[in-house]
Amino acid sequence: QQRPSNNLQTSSFEYVKYYKPIGVTCTTDLRVKDNIIDSINHDGYIARHRVYPVGRLDKETSGLIILTSDGRIVNAVLRGERKQPKVYKVKVLIVS
C-alpha cells in the first residue's frame with residue numbers, strides 16, 4: 001500500500017494525494033469506523049492542519065483522492081460554474 005504524500009505545502013495549506021483502499025469511508029467524522037483520516041494516519045501521514053477530502057469515493061472502491069486544508073480547492077472543483085465533471089474508470093469482472 002502506498003503512503004500518503006504531501007506534494008505541496010505552503011505556510012497556510014496542506015495538499016495530500018492518497019490512494020484510498022477499498023473499505024475506507026471518505027468522511028472526516030472520527031466516529032465512523034474506517035474513516036479516511038484514521039486511514040491516512042495509520043499509513044504514516046500526520047496532518048499539520050485539519051484536512052478534508054475533495055469529493056469522495058465510495059467505500060467499496062479504491063482510487064486516488066486529494067485531501068486539503070484549502071477550502072478554495074473544493075469550491076473551485078466541485079461547486080458553481082467551475083464544477084468539473086466526474087470521470088470514472090471501471091473494471092468489470094464477469095464470473096460465469
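Hydrogens, waters and symmetry mates play no part in the numbers below; they use all other heavy atoms, side chains included.
Residue Lys59 holds its NZ atom at 11.0 Å from OG1 of Thr27, rounded to the nearest 0.5 Å.
The main-chain N or O of Thr61 is found under 3.5 Å from a side-chain atom of Lys20 such that the two form a donor-acceptor pair. In this structure a side-chain-to-backbone donor-acceptor pair under 3.5 Å is missing from Asp58 to Glu60. Lys33 places no side-chain N or O within 3.5 Å of a backbone atom of Thr25 that could act as its donor or acceptor partner.
Ser69 and Tyr52 are not linked by any side-chain donor-acceptor pair at a separation below 3.5 angstrom, with hydrogens and angles left out of the test. One side chain, Asp38 or Asn35, offers a donor N or O that lies under 3.5 Å from an acceptor on the other.
Using a 4.5 Å heavy-atom threshold, the side chains of Ile36 and Tyr18 count as touching. Side chains of Thr28 and Arg50 form a contact here, defined as non-hydrogen atoms less than 4.5 Å apart. Proximity of Lys17 to Leu64: side-chain heavy atoms (C-beta onward) are separated by under 4.5 Å at one or more points. The shortest distance between side-chain heavy atoms of Tyr45 and Glu14 falls below 4.5 Å. Ile37 is listed as a side-chain neighbour of Leu67, based on a closest heavy-atom distance under 4.5 Å.
Arg48 and Phe13 get closest at one heavy-atom pair: NH2-O, 4.2 Å.
Under a hydrophobic-cluster definition in which Ile, Leu, Val, Met, Phe, Trp and Tyr are linked whenever side-chain heavy atoms come within less than 4.5 Å, directly or via other members, Ile65 and Ile46 are assigned to different clusters.
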